[in-house]
Amino acid sequence: MNEIFSFAIAYDFDGTLSPGNMQEYSFIPALGFQNPRDFWALTKQCPKNTDQTLGYLFTMLKEARKRGIRVTRDYLMSCGRDIKLFPGVDSWFDRITAYGRAKNITVSHYIISTGTREIIEGSPIAGYFKKIFASSFLYDDAGDAIWPGTAINYTSKTQYLFRINKGALDESNDELVNAFVPDEERVVPFHYMLYIGDGATDIPCFRVLTNAGGSAVAMFDESNPRTREQVEKIALGGNRVSLIFNADYRENSPVDLAVKAILDRARAVHDIHVLKEKVKTEFGLR
């Protein structure tokens, strides 16, 4: 009883852990745009049927070249230093990990984002994640970004839940993520997973986890009424999320207490499963 097991929390980034879009803190201002909406409007001018993620990554490179800005990995990471975080995010990961540890639960944190991985890697919280799954660039021999390397959109986000579930964290390993793995052999069962997001791009991930017995939480920014309307529409969609909260991650905030309760439930579910298996063995019911 009370044996150790693993629990995974996967997060979207923009609008979930940080207000707004990560490119708007340093990268877009460096291009000279007074209003970020002007930059995002340019991404819509890509050829028809262009994937939205590919469109914004291409536009980042195109507009930077126009202005003589070298887009290197180091430069993008430097753009992550100024990212603003919601209240309590800076202490959240240590706090939730410690709470799990006290319950003999090994909690791991992951990012699954359509945003720019290199910018996230330069953020103050990058070190807390076991893996950051996000869109990224390819670089030439001089270290300059030349083309999108990985483009994650709202449907492909779900792939990364399966990677966490099966332990296929190496993105070049498609064999394992597509292979049949019995539920009992998966590294982190879906019912021991939580996804935290804020918008339409998170709906497929919400659905995957809720349909598989996991948990899904939607966040909104109370200073931006539009974001609350957005998550309320998501919640009304049925079987998407079970809880919605203001993005306040401080200790004893509603989301803090809710996630701790989700961990408590996982602990109870695991212990009941262990007891059932013990009874089966004791009475020869296998």
Side-chain angles (χ1 to χ4, degrees), residues 10-73 75-77 79-80 83 111-123 131-140 142-163 171-172 174 177-178 195 197-208 226-227 230 233-234 237 240:
Y11 309 79
D12 175 47
F13 197 94
D14 294 336
T16 299
L17 299 174
S18 171
N21 297 302
M22 63 187 71
Q23 299 85 359
E24 295 173 3
Y25 290 98
S26 292
F27 187 88
I28 292 176
L31 297 177
F33 288 96
Q34 298 297 317
N35 190 327
R37 284 180 293 184
D38 295 333
F39 171 85
W40 298 114
L42 288 177
T43 70
K44 307 295 184 184
Q45 296 178 13
C46 290
K48 188 178 180 181
N49 297 326
T50 299
D51 177 89
Q52 288 187 7
T53 302
L54 285 170
Y56 96 70
L57 292 169
F58 174 77
T59 304
M60 285 176 70
L61 297 184
K62 179 182 176 183
E63 295 302 314
R65 288 194 192 105
K66 282 183 180 179
R67 294 156 177 81
I69 298 174
R70 285 189 68 203
V71 180
T72 64
R73 183 180 299 278
Y75 177 72
L76 289 171
M77 289 183 67
C79 292
I83 286 177
I111 288 291
I112 304 177
S113 171
T114 61
T116 312
R117 182 170 65 200
E118 293 90 338
I119 294 179
I120 299 172
E121 289 173 342
S123 73
K131 185 75 175 183
I132 295 172
F133 296 112
S135 303
S136 62
F137 290 101
L138 292 175
Y139 299 85
D140 63 18
D144 294 297
I146 54 173
W147 195 252
T150 301
I152 297 179
N153 59 32
Y154 71 101
T155 52
S156 65
K157 272 188 166 189
T158 59
Q159 170 196 156
Y160 300 96
L161 292 178
F162 284 91
R163 287 191 175 277
E171 293 165 271
S172 66
D174 291 329
V177 76
N178 290 315
Y195 185 82
D198 74 296
T201 64
D202 301 307
I203 290 174
C205 286
F206 288 150
R207 280 195 176 278
V208 166
R226 184 180 60 82
T227 65
Q230 180 174 268
K233 287 180 181 178
I234 291 171
R240 291 173 173 175

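Please read all numbers here as calculations on a predicted model, not as lab measurements.
For Y195 (side chain) and L161 (main-chain N/O), no donor-acceptor pair under 3.5 Å exists by modelled atom type. The closest donor-acceptor contact from the side chain of T53 to the backbone of I152 lies under 3.5 Å. A donor-acceptor pair under 3.5 Å is formed between the side chain of E118 and the backbone N or O of F137. Checked by atom type and distance alone, the side chain of R117 never pairs as donor or acceptor with a backbone atom of S136 at under 3.5 Å. Proximity of a side-chain donor or acceptor of S135 to a complementary backbone N or O of T114 within less than 3.5 Å is detected.
Taking OH from Y11 and CD1 from I120, the interatomic distance works out to 13.5 Å, rounded to the nearest 0.5 Å. One finds the NZ atom of K131 at 5.0 Å from the CD atom of E171 (value rounded to the nearest 0.5 Å). Between the CH2 atom of W147 and the CG atom of D140 there is a distance of 14.0 Å, given to the nearest 0.5 Å. Expressed to the nearest 0.5 Å, how far OG1 of T158 lies from CG of D202 amounts to 11.5 Å. The CZ atom of F39 sits 4.5 Å away from the CD1 atom of I28 when rounded to the nearest 0.5 Å.
Annotation: side chain of F33 is in contact with side chain of E63 (closest heavy-atom distance under 4.5 Å). Contact annotation: the side chain of Y75 approaches that of I69 to within less than 4.5 Å [non-hydrogen atoms, C-beta and beyond]. Within the 4.5 Å cutoff, the side chain of D12 has heavy atoms near those of the K157 side chain. You'll find the side chain of L17 reaches within 4.5 Å of the side chain of I111, heavy atoms only. Counting only heavy atoms from C-beta outward, the side chains of K62 and L42 never approach each other to under 4.5 Å. Looking only at side-chain heavy atoms (C-beta outward), V208 and C205 stay at 4.5 Å or farther from each other.
For the salt bridge (Lys or Arg N to Asp or Glu O under 4.0 Å) test, no residue two or more places apart in sequence or in another chain qualifies with D198. Judged as a salt bridge (Lys or Arg N to Asp or Glu O under 4.0 Å), and not counting sequence neighbours, the contacts of R70 are D144. Under the salt bridge (Lys or Arg N to Asp or Glu O under 4.0 Å) criterion, D174 pairs with R163, sequence neighbours left out. Applying the salt bridge (Lys or Arg N to Asp or Glu O under 4.0 Å) rule to R226 yields no partners; only residues at least two apart in sequence or on another chain are considered. Legend: residues meeting side chain to side chain contact (heavy atoms under 4.5 Å, CB included) with T227, ordered by chain and number and at least two apart, are F220, D221, N224.
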N/O donor to acceptor pairs below 3.5 angstrom from side-chain atoms of residues 20-27, sequence neighbours left out:
unit_1: N21; atom_1: ND2; unit_2: E24; atom_2: OE2; d: 2.9
unit_1: Q23; atom_1: NE2; unit_2: T116; atom_2: OG1; d: 3.0
unit_1: E24; atom_1: OE2; unit_2: W40; atom_2: NE1; d: 2.8
unit_1: Y25; atom_1: OH; unit_2: S18; atom_2: OG; d: 3.4
unit_1: Y25; atom_1: OH; unit_2: P19; atom_2: O; d: 2.4
unit_1: S26; atom_1: OG; unit_2: D82; atom_2: OD2; d: 2.8

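Heavy atoms only, all atoms of each residue included: F206 and R240 are closest at CB-O, 3.2 Å. Here the closest non-hydrogen pair linking C46 and T59 is SG-OG1, 4.0 Å. Across all non-hydrogen atoms, the minimal contact from A200 to P204 is O-CD, 4.0 Å. What you find for L138 and G149 is that their closest heavy atoms are CG-CA, 3.6 Å. Listed here is the closest heavy atom pair of A134 and G115: CB-O, 3.5 Å. Across all non-hydrogen atoms, the minimal contact from L76 to M60 is CD2-CE, 4.0 Å.
By the 6.0 Å contact criterion, OH on Y154 is open, its count of non-hydrogen atoms from other residues, nucleotides or ligands being 12 or less. The local environment of CD in Q159 is crowded, with over 12 non-hydrogen atoms from other residues, nucleotides or ligands closer than 6.0 Å.
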